[in-house]
Amino acid sequence: MYRRLTEQLKRWKESRDRKPMIIRGARQVGKTWIMKEFGRTCYQKYAYISMDENEVMEEVFRDAFDIPRIISALGIAAGFQIEPDNTLIIFDEIQEIPRALKSLKYFCENAREYHVIAAGSLLGVALHEGTSFPVGKVEFCDLYPMDFWEFLKACREDGLAGLMEAKDDTLISSFKSKYTDYLKYYYYVGGMPEAVGAFVENRDMKKVRLIQKRLLAAYENDFSKHAPREVVTRIRMLWNSIPTQLARENKKFIYGLIREGARAREYEVAVTWLMDCGLVYKVNRVNKPGFPLRAYQDFKAFKLFVLDIGLLGAMSGLNAKVILEKTRLFEEFKGALTEQYVLQQLVVNPENDLFYWSSENGTAEIDFLVQNEEKIIPVEVKAEENLQAKSLKLFCEKYHPDYAVRTSMSDYRKQDWMVNIPLYLVGIGPYPE
């Protein structure tokens, strides 16, 4: 499988100002795989050290941060001598040994010639527990479930992926049926690497769904294992309410849907915990599209999405026929799936800052406002070939953005006030003027 993040890691390797790198991401999005694959393909050798239940490493990092001593110990554990220029040092599950996390400061200050990369499940949660974190001494990158372009690459459809990159809308339109078929598969399979691997191997949808359910069960086990005991039940209730929240026409998160009488103050910690784990994305409302958008957030109004569209389908109990055969149930829920899909394609770009807008009276809503560098782009999401864009037109008449996007299953087309981008191209971004 090819992951876009590999290119960022290659640039990190060649950087003169390289600091230790931390990869953030939810459980099972492929952090271990990409670190090992990066070490295998871009270095002569790599030293993979998992900190999970590793008593030897606990002893190594217990004493003073003597980098030569640590390097010697890592070489013994790896079974070969670690050399600065040709060896990638990998610390996996680094949150299990907080002093290993702290050691990254000393690699940065005293031994930057070594190439050190680290990752860990629930790392975002661990960083809130009083660990002496090496602020300013590390770099970060985020790994998400595979986007649609990566999914096509995994399915060995390099030609379709190449056309997307080339933005050849004429040829893309010629292969619309193929893009549409794979988009349906992606709606069901999603981007979790293990599920994608099972699909690519034999297209066994039952196996894909079993993998997704196992992942969901593992996440719920993490709630009990890692979350504060007093909020575990609230985390679970909130997590399980998300499909219901997204199935509503107005997808603004409503605490009363978790249980009758629920209040924000009771569930704020649960939302934060799920965000820190990388299991949910929170998209806040803005009351006007001013720059920067973060200055105009309405913190009381937001949408919550899960990390992966395939997992959302599994949580909702949708089967393969619902998606692939366009039954009535899919017609009712597809708006939620499509908005989740678009969110996933947009969030993987670190330059995108995502919000949504709705009018004060609630009669108009823009699904996403994307701030990218100095541009603010409204994006209205349509599930099929619906070309109505009433909210987008109202927004444009009121605020006059330089660029507006409707995404649907219709072909690429440019009008005087907006551009329609096919859903299967939304992750590639707006076409150049």
Side-chain angles (χ1 to χ4, degrees), residues 1-16 18-54 56-57 60 67 70-97 100-101 103-104 107-108 111-121 123 138-147 149-158 161-162 165 191-201 211 348 350:
M1 295 184 183
Y2 177 80
R3 304 303 306 269
R4 293 180 189 269
L5 192 63
T6 302
E7 300 307 316
Q8 183 176 342
L9 294 178
K10 289 178 180 178
R11 292 192 295 271
W12 169 79
K13 178 189 176 186
E14 300 303 324
S15 173
R16 292 183 177 180
R18 181 187 59 253
K19 301 176 183 178
M21 173 69 79
I22 293 179
I23 299 180
R24 299 177 294 197
R27 175 202 278 261
Q28 298 297 318
V29 294
K31 298 185 297 296
T32 299
W33 180 89
I34 198 169
M35 290 190 299
K36 288 183 174 181
E37 184 69 5
F38 178 52
R40 185 185 69 82
T41 57
C42 297
Y43 292 83
Q44 292 181 22
K45 50 190 175 180
Y46 66 88
Y48 174 81
I49 308 292
S50 174
M51 304 297 176
D52 188 25
E53 297 184 358
N54 193 328
V56 172
M57 286 299 120
V60 168
I67 296 299
I70 291 173
I71 290 294
S72 177
L74 296 177
I76 294 171
F80 54 81
Q81 183 177 352
I82 293 176
E83 300 168 334
D85 295 332
N86 61 29
T87 306
L88 178 65
I89 300 171
I90 300 173
F91 293 153
D92 206 358
E93 302 296 347
I94 194 171
Q95 80 286 347
E96 297 296 331
I97 303 180
L101 185 60
S103 76
L104 300 183
F107 274 101
C108 177
R112 200 174 289 195
E113 68 272 18
Y114 288 99
H115 297 224
V116 182
I117 192 167
S121 301
L123 184 58
V138 297
E139 300 179 46
F140 290 102
C141 61
D142 296 302
L143 185 63
Y144 299 96
M146 301 172 74
D147 63 18
W149 183 85
E150 290 174 320
F151 179 75
L152 287 176
K153 295 281 285 186
C155 293
R156 303 181 183 89
E157 291 289 352
D158 289 359
E165 287 187 299
M192 301 303 286
E194 186 180 2
V196 174
F199 172 77
V200 171
E201 183 179 358
I211 290 170
V348 296

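Throughout, numbering of the chain's residues begins at 1 and tracks the sequence. The shown structure was predicted, so the numbers you read here are calculated from the model rather than taken from an experiment. Quick note: numbers below take in every heavy atom, side chains included, and nothing from hydrogens, waters or symmetry partners.
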Flag the pair [X] / [Y] as yes when at least one side-chain heavy-atom distance between them is below 4.5 Å, and no otherwise.
X: Thr6; Y: Ile34; answer: yes
X: Phe38; Y: Leu5; answer: no
X: Lys153; Y: Met146; answer: no
X: Val200; Y: Arg156; answer: yes

Search all heavy atoms of [X] against all heavy atoms of [Y] and return the closest pair with its distance.
X: Asn54; Y: Ile97; result: O-CD1, 3.9 Å
X: Cys155; Y: Phe199; result: SG-CE2, 3.7 Å
X: Glu96; Y: Met51; result: CB-O, 3.7 Å
X: Lys31; Y: Arg24; result: CD-C, 4.1 Å
X: Glu150; Y: Arg4; result: OE2-N, 2.7 Å
X: Pro193; Y: Gln28; result: CD-O, 3.4 Å

Straight-line distance of [X] [atom1] to [Y] [atom2], nearest 0.5 Å:
X: Leu9; Y: Arg3; atom1: CG; atom2: CZ; answer: 11.0 Å
X: Ile89; Y: Phe107; atom1: CD1; atom2: CZ; answer: 5.0 Å
X: Tyr114; Y: Asp85; atom1: OH; atom2: CG; answer: 9.5 Å
X: Ser103; Y: Ile94; atom1: OG; atom2: CD1; answer: 6.0 Å
X: Met35; Y: Ile23; atom1: CE; atom2: CD1; answer: 5.5 Å
X: Gln8; Y: Met21; atom1: CD; atom2: CE; answer: 5.5 Å

Would you find a donor on one side and an acceptor on the other, under 3.5 Å apart, between the side chain of [X] and the backbone of [Y]?
X: Trp12; Y: Pro20; value: no
X: Gln95; Y: Ser121; value: yes
X: Glu157; Y: Leu152; value: no

Checklist entry - Is it the case that more than 12 heavy atoms not belonging to Gln81 sit under 6.0 Å from its CD atom? => result no
Next on the checklist: Parallel, tilted or perpendicular: which one describes the rings of Tyr43 and His115, with boundaries at 30° and 60°?
Outcome noted: perpendicular
Checklist entry - Would you call Glu7-Lys10 a salt bridge at under 4.0 Å N-O? => result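 A salt bridge is present here (some side-chain N lies under 4.0 Å from a carboxylate O).
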